[in-house]
Amino acid sequence: NRLSSVGFITPQQGWIAGSLDGVLWTVDGGKTWIRQSGKGWTDRAVFTSPLSGWSVNGGADSLGGILMHTEDGGRTWTRQPVDSRATLHFVSFITPQSGWVGGDGGAMLHTDDGGKTWQEQKTGADTLFNSAFFVTPQTGWAVGTNGVIVHTQDGGRNWKKQNSGADLWLTSVAFTD
């Protein structure tokens with residue numbers, strides 16, 4: 001079993017997700033965990049409120065990568081339409097309205113309407129994106145295979161490659177200041 005993401009929206013309430021375990025939820029700061037739906041199809045999950053969350057499966061089917069959404073805290077999930085055949089490996093939201101999903105082949109998609117619609121963004125990188133982190137709705141970074149780092153200062157309309165100096169599989173990016 002592999003758990004691949006963790007996120008808390010308060011010191012007490014949070015979720016963890018993994019490809020075999022699905023989504024687990026805590027309301028006591030992680031002392032106990034309750035299994036929710038998603039076993040077998042979820043890989044990464046992020047919540048923008050106690051009820052609203054997003055998940056990708058890190059695997060593709062005949063229709064492309066899977067993006068799922070919940071409006072009941074993870075009890076039930078609904079597949080969201082995404083105009084991409086890419087395998088999706090991450091989901092990231094900076095606000096409840098502004099988020100990104102990305103994956104293989106340099107795929108990067110953005111929503112500015114809370115996930116109702118998703119627009120493709122050109123990164124100029126042919127990589128498998130594993131993670132993105134935004135410090136504002138305009139400024140963010142995404143990382144992927146072969147040491148690829150891309151940076152935007154305009155919400156993803158334009159991405160610029162940055163040199164990591166390494167040929168590594170970069171799996172996560174985050175900033176604290």
Side-chain angles (χ1 to χ4, degrees), residues 2-7 9 15-19 22-23 37-38 40-49 51-71 74 76-146 148-161 169-175:
R2 182 180 69 114
L3 298 174
S4 54
S5 69
V6 61
I9 59 168
W15 291 263
I16 55 178
S19 57
V23 178
S37 63
W41 60 256
T42 191
D43 190 42
R44 309 260 174 130
V46 63
F47 280 75
T48 58
S49 75
L51 297 176
S52 182
W54 299 89
S55 178
V56 295
N57 75 335
D61 64 12
S62 63
L63 300 175
I66 296 176
L67 175 64
M68 303 292 281
H69 182 242
T70 182
E71 283 292 332
T76 61
W77 295 83
T78 304
R79 187 170 180 160
Q80 296 296 297
V82 178
D83 189 19
S84 176
R85 296 190 59 79
T87 302
L88 301 176
H89 288 272
F90 80 83
V91 57
S92 175
F93 274 77
I94 181 78
T95 71
Q97 296 300 308
S98 185
W100 287 262
V101 295
D104 65 1
M108 185 76 65
L109 295 104
H110 174 253
T111 183
D112 59 9
D113 60 10
K116 292 181 184 90
T117 61
W118 295 85
Q119 295 78 38
E120 182 180 6
Q121 295 184 329
K122 302 289 185 189
T123 63
D126 185 19
T127 189
L128 185 159
F129 282 115
N130 289 305
S131 177
F133 188 85
F134 280 74
V135 293
T136 71
Q138 298 301 309
T139 305
W141 290 261
V143 299
T145 54
N146 301 316
V148 170
I149 301 172
V150 294
H151 174 248
T152 184
Q153 293 182 307
D154 60 11
R157 285 185 295 282
N158 296 287
W159 292 87
K160 294 180 181 173
K161 290 183 184 178
W169 184 289
L170 303 178
T171 60
S172 185
V173 60
F175 291 86

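All values below were derived from every heavy atom in this structure, side-chain atoms included, with hydrogens, water molecules and symmetry-related copies excluded. None of the values given here were measured: they were computed from a predicted structure.
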For K161, all residues meeting side-chain contact (heavy atoms from CB on, under 4.5 Å), sequence neighbours excluded: A125, V150

Mutual orientation of the aromatic rings belonging to W159 and F134 [parallel < 30°, tilted 30-60°, perpendicular > 60°]: perpendicular

Spacing of CG belonging to L88 relative to CG belonging to D104, to within rounding of 0.5 Å: 8.0 Å

Residue pair H69 / G53: nearest heavy atoms and the distance that separates them: CD2-O, 3.0 Å

Side chain to side chain contact (heavy atoms under 4.5 Å, CB included) partner of L67, the single match among T111, V82, L109: V82

Side chains of N130 and F90 in contact at under 4.5 Å (non-hydrogen atoms): no

Nearest heavy-atom neighbours spanning Q138 and R157: OE1-NH2, 3.8 Å

Interatomic distance, F93 atom CZ to T48 atom OG1 [nearest 0.5 angstrom]: 6.5 Å

Those residues that, when tested against F133, pass ring pair (Phe, Tyr, Trp, His ring centres under 6.0 Å) (two or more places apart): none

Note, Q80 side chain near T78 side chain (heavy atom, < 4.5 Å): yes

Heavy-atom pair with the smallest gap, counting every atom of G99 and H110: O-CD2, 3.1 Å

Heavy-atom closest contact (S92 atom, A132 atom, distance): OG-O, 3.4 Å

Min side-chain heavy-atom separation V101-W54 under 4.5 Å: no

Any side-chain donor near an acceptor of the partner, H89 and S131, under 3.5 Å: no

Sequence-distant partners of E120, side chain to side chain donor-acceptor pair (under 3.5 Å), two or more places apart: K122

Shortest non-hydrogen contact between R44 and V91, atoms and distance: O-CG1, 4.2 Å

Exam field: side chain S5 to backbone I16, donor-acceptor pair closer than 3.5 Å: no

Test side chain to side chain donor-acceptor pair (under 3.5 Å) applied to T145 - qualifying residues, sequence neighbours left out: T127

Heavy-atom closest contact (T95 atom, P137 atom, distance): CG2-CG, 4.3 Å

Any residue meeting side chain to side chain donor-acceptor pair (under 3.5 Å) with Q119, in chain and number order, not counting sequence neighbours: T117

Reported NZ-to-CH2 distance for the pair K160 and W141, which is rounded to 0.5 angstrom: 12.5 Å

Any donor-acceptor pair under 3.5 Å from E71 side chain to S52 backbone: no

Under 3.5 Å side-chain donor-acceptor pair for W100 and Q121: yes

Those residues that, when tested against D83, pass side chain to side chain donor-acceptor pair (under 3.5 Å) (two or more places apart): none

